[in-house]
Amino acid sequence: AFTFNIVMHALCKEGRVGEAAGLMGCCSSPDVVCYNTLVWGYCTIGQLGNAVKLVEEMVVGNGSSKPNVVTYNILLKGYCQQGVLGGAECVWQQMLKRGLVQNSVSYNTMIDGECKEGSMEKAFVWRDDMVSHMDCFPDDVMFNTLMNGFCIRREIGKAQELLDQMLESSSLSKCGELGTEIEVGGFSPHIHPKPNHISYTTLIGTYCRAGKLQEAFRFYEEMVRSGHVPDEITYSSLVYGLCKEGALLEARELMEKMQSMGVVPNQVTYTAFIDALFKAGNVQEAHALYDEMVKRGVVLDTVACSVLIDGLCREGKLVEAREVFEKMPNLDLTRNHVTYTTLIHGYCKSGDIQDALMLFDDMEKEGLKANAVTYNALIYGLSKNDQIDDAMEIFKKMSEKGLMPCNVTYNIIIDRYCKQGNVKQAFALYNEMIQNQLIPN
RNA sequence: UCCUCGAGAACCU
């Protein structure tokens with residue numbers, strides 16, 4: 001079972017959960033860890049139903065594979081990832097019924113789930129619950145999770161205060177001096193964990209996304225100065241930040257610097273850079289870097305290929321873009337709704353509505369759900385092709401499918417009517433947009 | 001050997 005699990009885990013990590021399941025079937029006595037690994041696999045690919053079924057199987061099975069805290073923690077995360085916090089709470093109750101005691105991973109999982117929903121208030125309720133019911137104190141993961149929650153809400157200042165709290169309590173001379181101050185989150189100062197590289201990278205990544213590179217690099221330097229080792233995620237964040245601001249030369253320099261520090265650029269580092277090069281119209285370098293990535297044995301993934309498809313579309317090389325798209329399954333790469341939408345948009349932009357619509361059908365046949373962006377691409381393509389009536393058909397179909405048109409949807413149509421000189425229709429849609437509580441930009 | 005925190009892709013102007 002030990003050996004089986006190592007392979008199963010590797011398969012699940014690549015999203016090959018079906019194969020992992022098959023492998024477990026070959027194992028004469030799979031243990032809890034095997035089962036947990038498979039439950040985890042199903043959760044990460046979004047197949048919660050299969051995960052739950054497997055856990056039920058464990059419950060009625062023999063003693064060696066009864067679900068444990070880890071099993072339920074995996075389910076908690078599964079529900080949180082789907083945004084079904086209520087489902088996670090049900091799992092929580094089941095744990096109690098089965099006499100299992102939640103640990104800090106359970107609590108941190110729920111806190112992260114609430115943070116990702118933007119509910120910091122609820123996240124802190126879980127924190128309080130943990131402190132009052134358990135012997136465990138908030139750990140570094142919890143602080144990092146909460147920092148990230150504030151970052152998501154664009155309250156970077158509060159995230160920074162949490163970092164400061166961790167720093168204060170790890171410097172002995174300051175311990176006990178903070179008693180009466182009201183701090184973010186109301187933590188008791190003496191039990192703070194120390195920050196780690198993730199604490200810093202959380203802030204760095206947020207500043208990079210916000211285009212505040214000075215701040216990002218300030219924390220990078222502080223991180224290094226205090227003895228934390230930046231990893232590929234830290235550097236990828238910074239490379240992305242530089243690219244986003246158009247500082248492509250500096251991005252390249254940083255990629256070299258990270259290697260001199262012994263950190264190997266991965267597919268995320270490369271993809272961030274390649275994407276920026278394509279968008280800047282620097283096609284040759286984009287391809288050169290892509291080749292470098294492949295030559296170095298960096299494993300391609302869905303995003304890397306989608307970026308390549310997008311770049312080829314921007315170049316007008318739709319045939320080549322299609323070839324990459326077709327080759328993805330051979331490389332064991334999943335094509336998701338973004339991959340499809342990228343190519344659909346490429347076809348629309350080039351006026352090839354036929355292929356766009358065919359690909360849209362293929363997408364639905366694959367069981368992938370089109371989102372507003374997909375529909376917007378089609379609406380754009382049709383209206384640009386003077387098929388405004390067909391565009392409006394798609395527009396209606398969108399609402400029928402329960403997808404709300406967004407402001408980009410309205411922008412596309414309003415723009416078209418204006419270009420046709422049909423200002424009246426344009427205003428009609430503008431009013432509809434307002435009625436739907438959308439904010440014009 | 002299993003669970004929790006940080007990085008990259010698609011639509012209009």
Side-chain angles (χ1 to χ4, degrees), chain A residues 1-6 8-9 12 31-40 43 68-77 80 103-113 115 139-149 151 196-206 208-209 231-241 243 266-276 301-311 313 336-346 348-349 371-381 383 406-416 441:
Chain A
F2 186 95
T3 319
F4 271 89
N5 186 61
I6 293 170
M8 281 175 57
H9 192 256
C12 287
D31 60 6
V32 209
V33 180
C34 283
Y35 273 98
N36 286 348
T37 303
L38 197 53
V39 174
W40 177 74
C43 285
N68 58 18
V69 189
V70 174
T71 318
Y72 284 99
N73 285 345
I74 296 167
L75 279 186
L76 287 176
K77 161 118 177 166
C80 286
N103 58 21
S104 57
V105 174
S106 324
Y107 280 98
N108 289 341
T109 303
M110 293 308 300
I111 290 170
D112 185 52
C115 284
D139 59 7
D140 50 353
V141 175
M142 188 190 288
F143 268 79
N144 292 343
T145 305
L146 291 167
M147 281 178 67
N148 190 44
C151 287
N196 59 20
H197 64 291
I198 296 183
S199 322
Y200 286 93
T201 303
T202 301
L203 287 179
I204 291 169
T206 303
C208 284
R209 244 179 274 119
D231 63 6
E232 68 273 21
I233 298 189
T234 319
Y235 285 108
S236 296
S237 307
L238 289 166
V239 167
Y240 167 76
C243 286
N266 63 12
Q267 63 273 68
V268 178
T269 329
Y270 275 104
T271 302
F273 201 0
I274 291 168
D275 183 48
D301 65 8
T302 300
V303 179
C305 284
S306 302
V307 164
L308 182 59
I309 290 169
D310 185 51
C313 287
N336 63 20
H337 62 289
V338 179
T339 320
Y340 273 90
T341 302
T342 304
L343 191 51
I344 288 171
H345 173 246
C348 285
K349 198 112 192 164
N371 63 15
V373 180
T374 321
Y375 279 97
N376 291 345
L378 285 174
I379 291 168
Y380 174 74
S383 57
C406 64
N407 52 3
V408 173
T409 320
Y410 283 103
N411 288 348
I412 294 166
I413 300 168
I414 290 171
D415 182 52
R416 205 65 235 167
N441 62 14

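All chains are named by letter (A, B, ...) in the order of the sequence lines, taking the proteins before the strands, and each is independently numbered beginning at 1.
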Base, sugar-phosphate or nothing for [X]? Non-hydrogen atoms, less than 4.0 Å.
{"X": "Ser237(A)", "answer": "sugar-phosphate"}
{"X": "Ile74(A)", "answer": "sugar-phosphate"}
{"X": "Ile233(A)", "answer": "base"}
{"X": "Thr234(A)", "answer": "base"}
{"X": "Thr342(A)", "answer": "sugar-phosphate"}
{"X": "Asn196(A)", "answer": "nothing"}
{"X": "Asn103(A)", "answer": "nothing"}
{"X": "Ala304(A)", "answer": "base"}
{"X": "Val307(A)", "answer": "sugar-phosphate"}
{"X": "Tyr380(A)", "answer": "sugar-phosphate"}
{"X": "Ser236(A)", "answer": "base"}
{"X": "Ser306(A)", "answer": "base"}
{"X": "Asn68(A)", "answer": "nothing"}
{"X": "Asn407(A)", "answer": "nothing"}

Taking the side chain as C-beta and beyond, is there a heavy-atom pair between Glu232(A) and Val268(A) under 4.5 Å?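 The answer is no, as the side chains (C-beta and beyond) never meet within the 4.5 Å cut-off.
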Does [X] get its side chain close enough to the base of [N], under 3.5 Å, for a donor-acceptor pair?
{"X": "Asn376(A)", "N": "A10(B)", "result": "no"}
{"X": "Thr271(A)", "N": "G8(B)", "result": "yes"}
{"X": "Asn336(A)", "N": "A9(B)", "result": "yes"}

Among all residues two or more places apart in sequence or in another chain, which pass the side-chain contact (heavy atoms from CB on, under 4.5 Å) test with Tyr270(A)? Met255(A), Pro265(A), Ile274(A), Leu289(A), Glu292(A), Met293(A), Arg296(A), Val298(A)
Any residue meeting side-chain contact (heavy atoms from CB on, under 4.5 Å) with Cys348(A), in chain and number order, not counting sequence neighbours: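 Once residues adjacent in sequence are excluded, the partners of Cys348(A) under the side-chain contact (heavy atoms from CB on, under 4.5 Å) criterion are Ile344(A), Ala356(A), Leu378(A).
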Which nucleotide wins on minimum distance to the side chain of Trp40(A), given the candidates A10(B), C5(B), U4(B)?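 Shortest atom-to-atom distance from the side chain points to U4(B).
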Of the listed A9(B), C5(B), C11(B), the closest approach to the Val373(A) side chain comes from C11(B)
Give a yes or no on whether the backbone of Thr374(A) and the side-chain of Asn371(A) come within a donor-acceptor separation of less than 3.5 Å.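 Yes: the side chain of Asn371(A) pairs with the backbone of Thr374(A).
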Going by heavy atoms closer than 4.0 Å, what residues in residues 141-148 of chain A are next to RNA chain B?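 Listed by number, they are Val141(A), Asn144(A), Thr145(A), Asn148(A).
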